[in-house]
Amino acid sequence: MFDEIKFDRMERLPKYVFAEVNDLKMKERRAGADVIDFSMGNPDGDTPEHIREKLVESAQKTKTHGYSASKGIPKLLMAIAGWYKRKYDVDLDPQTQCVATMGSKEGYAHLAYAITNPGDVAIVPDPTYPIHSYAFILAGGNVVKFGIVFDEHYNIDEDKFFEDLENVFKNSSPKPKYVVVNFPHNPSTATVTPDFYVRLVAMAKKERFYVISDIAYGDITFDGYKTPSIMEVEGATDVAVESFTLSKSYNMAGWRVGFFVGNTKLIGALQKIKSWLDYGMFTPIQVAATVALNGDQQCVKDITDKYDHRQNVLIEAFDRAGWHIKRNKASMFVWAKVPPCVEHLGSLEFSKKLLVEAGVAVAPGIGFGEHGENYVRIALIENDKRIRQAAKNIKKFLAKFEDKA
Ligand SMILES: Cc1ncc(COP(=O)(O)O)c(C=O)c1O
């Protein structure tokens, strides 16, 4: 019915590649298969007890049940500023330079909605976490991409990055207004040095664009690596905002708490649009999020140690299965090249076959953009035993292809 009525914005969204693997996963499960699921960055651990307790305590208070503050309650905004001060020695004004969001994904969608004029150009390196580009596309903007290049230890080739970025600037019309960066990077896990942000801020000032930086995995780092923040660069708040989420560091993915900080013009736009669209997170969630940020950070270390350990288990077990992967320094993922004997399948077909024939679900790299092809992303959300079981299944699966070669 009403075939002539079209939804242009929906037409701009392609079929979600991950939905294809997800549907298949559900089908396999319905048929009774035990799928070992590495496909999503959804932490498997519990939210730490002191945070859960605060939620319950606050929910029992009847004064917390009304509409809340859409940009975040004052104590949460102060906790966000305090987190930056402790972690990065950066001073932020809680009221004008901080905003709480219902998960950072919501923040991306609404920030882009607030700041994108029709036809505005945003640069988003490829591959990417999909909302970084689709937030702008949904808002009526256009996205220009270039492939990120990193070495075998997942260090970004920073000279190449700036060379490519400058080339995009030379060749784009209209001139891009926004550049989105995300390090530690989802999906590739690639990282940058503090100098990267010094260069990026300098370039933003010269070329007159805003930077939107996502450090969702900022806490989850190994082997002494510390995630730099763009906010550490002098004058960064003139040109940049940065987002963080409680989903990963505190196992709070279902709670939907994130935040953005930095440039007052962009933060003001996000606060304003949110004031029109929502009444804020349920107050007890905001109170518990405040406790998470201000409280003992041992829980973050424990969560990080778990991913560190699982990465070792996975790399060792997959190595024995004939799938050789190098260790990374950050995030809850492993970004793995599709083994040579199955490369011809492409990442989507490989992921589907791996699911059906080995009972192992991974995220196909192509779902993150064309430069993700030939890779898959493996989330470290299954325990040691299941990681080892997955490796055994994979060994048998790969043997079929090796025999043919
Ligand atoms: C890079 C990155 N940014 C943001 C998010 C969104 O996190 P949330 O909406 O749970 O805060 C994710 C989730 O996986 C992510 O990987």
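Only a predicted model underlies this, so the values are computations on that prediction, with no experimental measurement involved. Counting from 1, the numbers follow the sequence of the chain as shown. Numbering of ligands and ligand atoms starts at 1, following listing order.
- The side-chain hydrogen bond (donor to acceptor under 3.5 Å, both in side chains) search around D89 returns K85, not counting sequence neighbours.
- Protein residues are said to neighbour a ligand when one of their heavy atoms lies under 4.0 Å from it; for ligand 1 these are G103, S104, K105, Y129, N182, N186, D214, A216, Y217, T245, S247, K248, R256.
- With respect to the salt-bridge test (charged N to carboxylate O, under 4.0 angstrom), the residues D384 and K306 do not qualify.
- Residues forming a salt bridge (charged side-chain N to carboxylate O under 4.0 Å, His left out) with E207 (at least two apart in sequence, or on another chain): K175.
- Q297 and Y250 share a donor-acceptor pair across their side chains, judged by distance under 3.5 Å alone.
- Listed by chain and number, the residues in a side-chain hydrogen bond (donor to acceptor under 3.5 Å, both in side chains) with S70 amount to none (sequence neighbours excluded).
- Taking the six-membered ring where the residue is Trp, the centroids of F196 and F162 are separated by under 6.0 Å.
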